[in-house]
Amino acid sequence: MIRTAQPADVPEVHRMILALAEHQGYRHEVRATEEHLREALFGDTPAVHAFVAVDEDGALAGFALWFLTYSTWRGVHGIYLEDLYVDPARRGGGHGKALIAALARTCTERGYQRLEWSVLDKLVPTIAFYRSLGARPLEDSKVFRLTDTELEKLAAYGE
């Protein structure tokens with residue numbers, strides 16, 4: 001079963017975020033706390049959303065954390081999938097596909113025309129899974145990012 005995340009899900013979703021970062025080799029990069037997540041999802045002005053996959057026993061099996069984007073070319077919103085994770089012991093049961101399908105339904109129900117995400121090149125099985133759903137990489141694009149010192153330095157430009 002896929003449902004919208006609830007405040008009580010925050011500790012388990014946070015645990016999965018840490019597990020995802022560990023799996024990808026970036027655990028040292030995680031600064032987000034449960035409180036950060038709670039505020040982002042359920043604060044006065046939520047900017048992100050989450051779906052959770054729930055097993056028959058009621059335990060959370062995985063999550064999809066997402067936010068809205070906007071296409072200036074298409075003139076409508078889209079969804080950006082920030083993170084998708086299914087606990088290793090619960091993989092193969094269709095949870096990942098069901099989470100992405102829930103995002104696709106959200107797009108179609110709301111008239112959004114894009115569902116996008118990034119994936120690390122080294123995650124070959126993950127890439128194969130996404131391809132099996134019909135997703136294709138944007139071969140002519142690269143994700144760029146500013147963080148920490150570089151972000152602060154650029155923010156000070158022109159001051």
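What you are looking at is a predicted structure, and each value in this text was computed from that prediction instead of being measured.
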Any donor-acceptor N/O pair, [X] side chain to [Y] backbone, under 3.5 Å:
| X | Y | answer |
| --- | --- | --- |
| Arg136 | Arg131 | yes |
| Lys122 | Gln24 | yes |
| His14 | Ala32 | yes |
| Ser141 | Leu138 | no |

### Query
How would you list all residue pairs meeting ring pair (Phe, Tyr, Trp, His ring centres under 6.0 Å) that involve residues 94-123, not counting sequence neighbours?
His77-Tyr112, Trp117-Tyr130
Within-4.5 Å side-chain heavy-atom neighbours: [X] and [Y]:
| X | Y | answer |
| --- | --- | --- |
| Phe129 | Ile127 | no |
| Trp66 | Val48 | no |
| Val13 | Val52 | yes |

#### Entry: Within 45° cone and under 6.0 Å: Arg91 NZ/CZ vs Tyr85 ring
yes
### Query
Does atom CG of Asp57 have more than 12 heavy-atom neighbours from other groups under 6.0 Å away?
yes
### Message
Counting only heavy atoms from other residues, nucleotides and ligands, does the tally under 6.0 Å from OH of Tyr26 exceed 12?
### Response
no
### Query
Which heavy-atom pair separates Met16 from Ala61 by the least distance, and what is that distance?
CE-C, 4.1 Å
### Query
Taking all atoms of both residues into account, what is the closest heavy-atom pair of Pro11 and Arg38, and its distance?
CD-NH2, 4.2 Å
### Task
Tell me, please, which residues at least two apart from His36 pass side chain to side chain donor-acceptor pair (under 3.5 Å).
Thr33
### Query
Are Val86 and Phe51 connected, step by step, through hydrophobic side chains (Ile, Leu, Val, Met, Phe, Trp, Tyr) whose heavy atoms are closer than 4.5 Å?
yes
### Task
Could you grab the distance from atom CZ of Arg114 to atom SG of Cys107, nearest 0.5 Å is fine?
11.0 Å
### Task
Take Asp87 and Arg15 through the test salt bridge (Lys or Arg N to Asp or Glu O under 4.0 Å) and record every step on the way to the result.
CA-CA 10 Å; Asp87 270 328; Arg15 181 197 65 76; 2.7 Å; yes
